[in-house]
2 protein chains.
Amino acid sequence: MADVAAKAGVSRALVSIVFRNQPGASEETRQRVLRVADEIGYRPDSAARLLARGRSRTIGVMFTVHQTFHTDLIEGIYPEAERLGYDVLLSAAAQGRSEEKAVEALLGHRCEALILLGPDAEPGYLDELGKRAVTVSVSRRVPGARVDFVHSAEGKGVRQAMDHLVELGHRRIVHVDGGRGPGSAERRRSYRASMRRHGLEAEARVIPGAHTEESGIETGRLLLAERDRGQSLPTAVLAGNDRCAMGLLMALTRSGVEVPRDLSVVGYDDSHLSHLMPIGLTTVRQDAGLMAEHAVRFAVERLRDPESEPREAVLDPKLVVRGSSGPAPETSA
Amino acid sequence: MADVAAKAGVSRALVSIVFRNQPGASEETRQRVLRVADEIGYRPDSAARLLARGRSRTIGVMFTVHQTFHTDLIEGIYPEAERLGYDVLLSAAAQGRSEEKAVEALLGHRCEALILLGPDAEPGYLDELGKRAVTVSVSRRVPGARVDFVHSAEGKGVRQAMDHLVELGHRRIVHVDGGRGPGSAERRRSYRASMRRHGLEAEARVIPGAHTEESGIETGRLLLAERDRGQSLPTAVLAGNDRCAMGLLMALTRSGVEVPRDLSVVGYDDSHLSHLMPIGLTTVRQDAGLMAEHAVRFAVERLRDPESEPREAVLDPKLVVRGSSGPAPETSA
DNA sequence: GCGCGCTACTAGCGCGCTCTAGTGCGAGTA
DNA sequence: TACTCGCACTAGAGCGCGCTAGTAGCGCGC
């Protein structure tokens, strides 16, 4: 920076003004400074800038590698953050890299706010986090914790999916849940409520699962094993999310079960995957772009007024009907 | 930090020593400092640390959102970087966020080294980058540029896939290429060479494409349209990567073409997607973990000796046969 | 001629840390 | 006693910026 100032024949302060796009420099000088900086290859050091300014204007985003829905969200976070004048730092949780570790990294970089995509951590930990930094949880409700919350109305989404299946004549509808995964509890609850509402209480069955393909594959094996022992297959499965649905589809189709002729499958998320299946996956769409926008806005607004109470945004999901759901097979009638 | 020092009754310098895990503090003091720090909730500010130290010990990783193979790589980068004592900063390119922008962000954070996953930028830009910072390009060769390079032996991978198809009796094998995508040029070249080697020069056909599902879908439409005009379908397609293969599978299956009975499809990457298809995708596996390790190691080693020449790691890919490839249909005989 | 306000610019402190060059002290050695 | 050595610890400069307070110069009104 000193080099730029010297070469442009101005003070360092002026260079600073130019790079911050602040008033106080003539247009002519401005251009000269920028030209010189470009020649030297100068670029403001964000560490020093951050240190001097005391504020980082940086939002840290924790996501889980392989969660395709998260990448959809990230894509939406960038532009909104930029619009509001914030930098974005990504930190991934992965096999061998815990969420805590990912979050610590963000905190160490002095992120002012954290956006956690589908965090899987203890509520206690999240509450503590919320007290230390502005925190937004996406997809996972943390009751009582000091964190903002963005999610889609899981209940509504599940209800739409269930109504769709019931309308198609399904009665034996099972739900593979997402274990402790974000949104799972509500989806499970709503599944049960829907079964009750349709008078199918006796048929309700929740199979413990997770938001992974593996979980879907396992469930497929379980159902097939049951069939081989003489039980009949359910006619429809509501999976915990798209990945689980995909795994299930794979396992079933491989064993000769035809979807949707023999069995219907519905996912959740409308992630990239959903249009990929040859038959297309019927699923519940969460608007990733809108959710990302809300998350960033919550973070920024609470940064402005730290005393304000945590807020909650509930976005309406929408059922997207594709090829994996169809009329219930007659055998079930 | 000053607070911690005061409360523990030592100087700031000592606190610094403790937090850097350096010799020069008695065990007793060490414990006391750590305890006090924990009480206050102190955590070293990485910006200030970075600024003071002059080195960031940070590796910046540029990736493309939605490229599933990239997330596989990221998963491998973290542990290796940690092992070597480096921090990792992620920056994503996405719709509306160019690679340049993503890289600028990393540079602004004073990353010492850049790992670019399948960069799509101009060779000139990359060369410039390579002169300014230690740069490793994964999957994309940049001839003449001052960047390290990690990739798998595209030629070998394609050859294995082609041999596999020819053995199954296929002759009309077309290739959907990946346009300017990383590795595409070599895959294309190797496809042509393989056709020649098997005496199928006359049948060789390259359809321009990209490394996306959309490209696969389009190709599917194209082939179907040709069939409807009376041309016969090829018996096998070698796609540019898994995503393209998936799109193609979807388009074909939806239109009643049965894979692999009517047509075989082979992908490239063995990304997460590949096991997902109900029938399983025959594909060429690139070992993401190993590639990630090499990339990090290249970066760190060249950081130690900046004068050393750029290096190249070529890893052997491996054909993984799954359900999407089968014997050529008899109609083609 | 003087004060006033305005624009264009500068001096220099301080952000929170690291690191070099020390100081003080007790034990070991001649 | 006088010295050296090693250990535990400290003083203080400096990393590259942002920012506050200030200055110089200039036109303007009375």
Side-chain angles (χ1 to χ4, degrees), chain A residues 1-37 40-58 85-87 104-112 132-133, chain B residues 1-37 40-58 85-87 104-112 132-133:
Chain A
M1 177 162 173
D3 298 346
V4 176
K7 199 163 174 192
V10 296
S11 69
R12 293 187 309 106
L14 227 233
V15 177
S16 169
I17 285 173
V18 170
F19 271 90
R20 277 177 294 138
N21 252 323
Q22 286 225 336
S26 65
E27 191 50 36
E28 191 197 328
T29 322
R30 206 174 280 274
Q31 291 308 328
R32 185 157 35 95
V33 168
L34 288 176
R35 214 188 47 236
V36 171
I40 305 193
Y42 166 81
R43 171 195 325 280
D45 180 330
S46 60
R49 169 173 273 183
L50 189 163
L51 183 60
R53 171 162 61 187
R55 290 200 50 184
S56 64
R57 293 195 74 84
T58 294
Y86 280 78
D87 236 20
E104 289 303 312
L106 293 174
L107 248 26
H109 282 284
R110 286 291 184 268
C111 291
E112 296 180 24
R132 202 156 52 183
Chain B
M1 177 163 176
D3 298 347
V4 176
K7 200 164 173 193
V10 296
S11 69
R12 293 188 308 106
L14 229 233
V15 177
S16 169
I17 285 173
V18 170
F19 270 91
R20 278 177 295 138
N21 250 322
Q22 286 225 338
S26 66
E27 191 50 36
E28 191 197 325
T29 323
R30 206 173 281 273
Q31 292 309 327
R32 186 157 35 97
V33 168
L34 288 176
R35 213 189 48 235
V36 171
I40 305 193
Y42 166 82
R43 173 196 322 279
D45 181 329
S46 63
R49 169 173 272 182
L50 190 160
L51 182 61
R53 181 160 50 190
R55 289 200 51 184
S56 64
R57 294 195 73 83
T58 295
Y86 280 78
D87 236 19
E104 290 301 311
L106 292 175
L107 250 25
H109 282 283
R110 287 293 184 267
C111 290
E112 297 180 22
R132 203 157 49 182

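Proteins get letters first, then strands, A, B, ... in listed order; numbering begins at 1 in each.
- Put simply, CG on B:Asn21 is 15 Å from C1' on C:dT18, counting in whole angstrom units.
- Residues meeting the salt bridge (Lys or Arg N to Asp or Glu O under 4.0 Å) test with A:Arg110, sequence neighbours left out: B:Asp45.
- Partners of B:Thr29 according to the side-chain hydrogen bond (donor to acceptor under 3.5 Å, both in side chains) rule, which considers only residues two or more places apart in sequence or in another chain, are B:Ser26.
- A:Tyr86 is linked by a ring-ring contact (aromatic ring centres under 6.0 Å, His included) to nothing, counting only residues two or more places apart in sequence or in another chain.
- In this structure, the CG atom of B:Leu14 is 5 Å from the C1' atom of D:dC9, given to the nearest Å.
- Within the nucleic acid shown, A:Gly54 has no heavy atom closer than 4.0 Å to any nucleic acid atom.
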Per-nucleotide pairing state of DNA chain D [Watson-Crick or G-U, under 3.5 Å; [ ] pseudoknot-crossing; | other strand]:
||||||||||||||||||||||||||||||
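- Remark: B:Arg43 engages A:Glu104 in a side-chain hydrogen bond (donor to acceptor under 3.5 Å, both in side chains) (not counting sequence neighbours).
- With sequence neighbours left out, A:Arg20 forms a side-chain hydrogen bond (donor to acceptor under 3.5 Å, both in side chains) with A:Ser16.
- For B:Asp87, there are no salt bridge (Lys or Arg N to Asp or Glu O under 4.0 Å) partners at least two apart in sequence or on another chain.
- A heavy atom lying under 4.0 Å from DNA chain C marks the following residues of residues 3-11 of chain A, by number: A:Val10, A:Ser11.
- Close to D:dC9, at under 4.0 Å from its OP1 or OP2, lies a side-chain N or O of B:Ser26.
- Residues meeting the side-chain hydrogen bond (donor to acceptor under 3.5 Å, both in side chains) test with B:Ser56, sequence neighbours left out: none.
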Per-nucleotide protein contact along nucleotides 17-27 of chain D, 5' to 3', at a 4.0 Å heavy-atom cut-off (B base, S sugar-phosphate only, - neither), is BBB--------
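- A search for salt bridge (Lys or Arg N to Asp or Glu O under 4.0 Å) contacts involving A:Arg30 returns nothing, not counting sequence neighbours.
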In sequence, state the C-alpha distance, the side-chain angles, and the governing distance for A:His109 and A:Thr58, and then conclude on side chain to side chain contact (heavy atoms under 4.5 Å, CB included).
CA-CA 9 Å; A:His109 282 284; A:Thr58 294; over 6 Å; no
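- Contacts of B:Ala8 classified as side chain to side chain contact (heavy atoms under 4.5 Å, CB included), with partners at least two apart in sequence or in another chain: B:Val10, B:Arg32, B:Val33, B:Val36.
- Annotation: side chain of B:Phe19 is not in contact with side chain of B:Met1 (no heavy-atom distance under 4.5 Å).
- Residue B:Thr29 is in sugar-phosphate contact alone, with no base atom involved, counting any heavy-atom pair closer than 4.0 Å across all strands shown.
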